[in-house]
Student: 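Sharing a structure here in structure tokens format.
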Amino acid sequence: MAEDTISNIAIAEDEDYVDPWTVTGKSDTGIDYDKLIKRFGSQKIDDELIQRFEKVTGRKAHHLLRRGIFFSHRDLNVIINLHEAGKKFYLYTGRGPSSDSMHLGHMIPFMFTKWLQDVFNVPLIIQLTDDEKVLWRDIKVEDARKMAYNNAKDIIAIGFDPSNTFIFNDLDFIGQCPAFYQNMLRIQKCVTYNQVKGIFGFGDSDVIGKITFPSIEAAPAFSTTFPFIFENKIVHCLVPCAIDQDPYFRMTRDVAVRLKLPKPSLIHSTFLPALQGAQHKMSASDCNASIFLNDTPKQIKNKINKYAFSGGQVTVEEHREKGGNTDVDISYKYLVFFLEDDDKLAEIKKSYESGQMLTGELKKIAIDTITGYVQDYQARRAKVTDEVMHEYFRIRKIVV
Ligand code: TRP
């Protein structure tokens with residue numbers, strides 16, 4: 001296959017593991033993202049690119065971009081060039097609904113996508129891969145669909161604009177959209193079993209649905225999949241996603257060349273760490289490792305106090321002397337994701353590392369920040385009725 005595709009299976013014992021289904025770091029500071037960039041063959045987002053982004057959009061970069069949480073890309077320049085030339089593109093992202101309520105980690109790509117939608121004023125397509133969860137987990141078709149709708153409400157509450165956002169779940173939409181199936185088939189015809197085996201590590205005992213699934217996540221990256229939106233025009237696509245989704249889009253980019261369609265551009269985020277430490281990402285299947293969007297203030301407080309891994313020292317005396325370690329401290333890491341004020345964050349870092357601020361004090365700031373975020377979010381979520389939701393799912397022309 002072409003240059004984007006690399007194999008993920010041949011990695012050493014002591015290396016971090018990242019694929020769409022498993023993420024494990026080997027160090028307590030978390031995944032080595034620079035190494036991942038090298039292994040995946042993507043590009044690092046450097047200061048120069050951020051400056052160009054700011055110059056062309058006239059907007060200060062989002063804190064998730066400034067702080068290196070969105071850290072890697074493929075062909076982001078192409079998107080900036082298009083915008084500079086006054087041309088439109090579209091955004092595509094998604095979520096595999098695996099639990100009834102989403103957690104804070106799921107918010108990261110969506111928070112950033114909303115900002116991109118505001119900055120560029122472009123159409124956004126959100127795919128809910130309920131089919132993926134049926135294939136990979138012990139979940140029934142009926143239940144996966146229900147989860148997709150619950151998750152859609154969670155996503156809508158982030159504040160996406162209904163005039164240019166289209167949301168669909170695979171189990172209901174694909175059957176209603178012949179262009180989708182036609183593009184799936186075109187994609188399937190470009191990729192051999194050997195290639196998906198190399199990219200995703202599939203084996204002889206994997207069910208056949210898994211082997212074709214990548215074509216379903218790839219299809220929305222081509223504008224011709226949505227004739228009711230793009231009227232068969234070829235429009236370039238930007239996919240904001242967590243880095244674990246990159247294998248799907250390496251494949252998609254290779255296929256694009258063969259289909260003579262534009263390669264989707266990508267912008268990748270790191271993972272929000274689990275409460276217990278940065279070796280793992282926050283996961284819906286472990287409720288003590290995660291803060292859910294429907295947690296109460298009391299639950300948030302208890303979880304952070306009880307489980308958030310601390311970079312503080314064992315005794316107060318030792319802490320005052322040596323200071324805390326923000327490289328491993330989960331409460332601090334959460335503030336990097338959720339505390340927007342740069343000055344405040346810098347002050348906290350200084351004070352904690354010097355030993356002036358104790359772990360308990362840092363945890364309190366993290367609890368207050370996250371509780372505030374979750375409560376604001378819950379107020380918006382309460383307003384997302386079935387009626388509100390259905391508007392986003394309606395097959396219709398959205399503003400391009
Ligand atoms: N596979 C993703 C998940 O399990 C869901 C998804 C579908 C997605 N399409 C996407 C994520 C595009 C990012 C971008 O969460």
Side-chain angles (χ1 to χ4, degrees), residues 8 18-23 40 42 70 72-74 76 79 89-114 116-117 123-137 139 144-145 147-148 150-152 154-155 158 160 165-174 180 183-184 187 196 199-202 209-210 212-223 225-226 237-253 255-256 263-272 281-285 290:
N8 201 13
V18 176
D19 78 9
W21 308 282
T22 315
V23 175
F40 281 11
S42 60
F70 274 81
S72 152
H73 76 101
R74 294 179 189 273
L76 189 59
I79 294 294
F89 60 93
Y90 73 103
L91 295 162
Y92 157 46
T93 189
R95 147 137 185 92
S98 63
S99 62
D100 272 323
S101 173
M102 289 169 59
H103 61 60
L104 276 185
H106 297 135
M107 287 292 106
I108 305 305
F110 287 109
M111 275 163 69
F112 189 67
T113 302
K114 156 143 176 66
L116 289 173
Q117 187 183 38
L124 163 65
I125 291 175
I126 300 175
Q127 176 183 45
L128 298 167
T129 50
D130 42 9
D131 49 353
E132 180 183 12
K133 297 300 152 180
V134 171
L135 290 167
W136 264 270
R137 309 256 173 121
I139 293 175
R145 286 181 67 220
M147 283 182 206
N150 281 330
N151 283 194
D154 286 353
I155 291 167
I158 295 165
F160 294 108
T165 305
F166 175 60
I167 305 181
F168 68 94
N169 64 311
D170 291 340
L171 285 169
D172 289 295
F173 176 66
I174 295 176
F180 198 117
N183 270 347
M184 267 173 62
I187 297 162
V196 279
I199 303 168
F200 299 98
F202 297 146
K210 289 188 184 179
T212 46
F213 177 77
S215 67
I216 302 179
E217 187 155 329
F222 300 130
S223 60
T225 298
F226 306 99
C237 176
L238 169 63
V239 184
C241 61
I243 186 75
D244 63 335
Q245 297 300 303
D246 188 65
Y248 285 114
F249 299 107
R250 290 201 292 268
M251 186 198 86
T252 310
R253 285 164 56 87
V255 168
K263 286 185 183 184
S265 297
L266 295 166
I267 181 162
H268 299 122
S269 74
T270 64
F271 304 106
L272 184 72
K281 65 170 181 168
M282 204 177 256
S283 147
S285 46
S290 310

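Note that ligands are numbered from 1 as they come in the structure, with each ligand's atoms numbered from 1 the same way. Atoms considered below: every heavy atom in the structure, side chains included; atoms not considered: hydrogens, waters and symmetry mates. Owing to the predicted nature of the structure, the values given are computational and were not obtained by experimental measurement.
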Student: First locate atom OG1 of T252, then atom CD1 of I187, and finally report the distance between them rounded to the nearest 0.5 Å.
Tutor: 6.5 Å
Student: Measuring from atom 11 (C) of ligand 1, which candidate in P214, C241, G94, P20 has the nearest non-hydrogen atom?
Tutor: G94
Student: At what distance is the nearest protein heavy atom to atom 3 (C) of ligand 1, and which residue and atom is it?
Tutor: G96 N, 3.3 Å
Student: What residue and atom, counting heavy atoms only, is the protein's closest point to atom 4 (O) of ligand 1, and at what distance?
Tutor: E132 OE1, 3.3 Å
Student: Can you find an N/O atom of Q127 closer than 3.5 Å to an N/O atom of ligand 1?
Tutor: yes
Student: Would you say the side-chain atoms of T93 and T113 include a donor-acceptor pair closer than 3.5 Å?
Tutor: no
Student: Backbone, side chain, both or neither: what part of F110 comes under 4.0 angstrom of ligand 1, heavy atoms only?
Tutor: neither
Student: Which part of R95 is near ligand 1, with near meaning a heavy atom under 4.0 Å away: side chain, backbone, both or neither?
Tutor: backbone
Student: Please work out whether any backbone atom (N, CA, C, O) or any side-chain heavy atom from C-beta onward of H106 is under 4.0 Å from ligand 1, and answer side chain, backbone, both or neither.
Tutor: neither
Student: State the atoms of ligand 1, each with its element, that fall below the 4.0 Å cut-off from a heavy-atom position in T129.
Tutor: 5 (C), 7 (C)
Student: Going by the order shown, which atoms of ligand 1 are within less than 4.0 Å of some heavy atom of V239?
Tutor: 14 (C)
Student: Take D244 and K281 through the salt bridge (charged side-chain N to carboxylate O under 4.0 Å, His left out) test and state the conclusion after the steps.
Tutor: CA-CA 11 Å; D244 63 335; K281 65 170 181 168; 3.4 Å; yes
Student: What residue and atom, counting heavy atoms only, is the protein's closest point to atom 2 (C) of ligand 1, and at what distance?
Tutor: Q245 OE1, 3.2 Å
Student: With backbone taken as N, CA, C and O and side chain as the heavy atoms from C-beta onward, which portion of T93 lies under 4.0 Å from ligand 1: side chain, backbone, both, or neither?
Tutor: both
Student: Using only heavy-atom distances, determine whether the side chains of E217 and T129 contain a donor-acceptor pair under 3.5 Å.
Tutor: no
Student: Would you please say whether a donor-acceptor pair under 3.5 Å links the side chains of H103 and S290?
Tutor: no
Student: So do the side chains of I126 and F166 get within less than 4.5 Å of each other, counting heavy atoms only?
Tutor: no
Student: Would the Y248 and F200 ring centres measure less than 6.0 Å apart?
Tutor: yes
Student: What residue among V134, N150, I139, D130 forms side chain to side chain contact (heavy atoms under 4.5 Å, CB included) with R145?
Tutor: D130
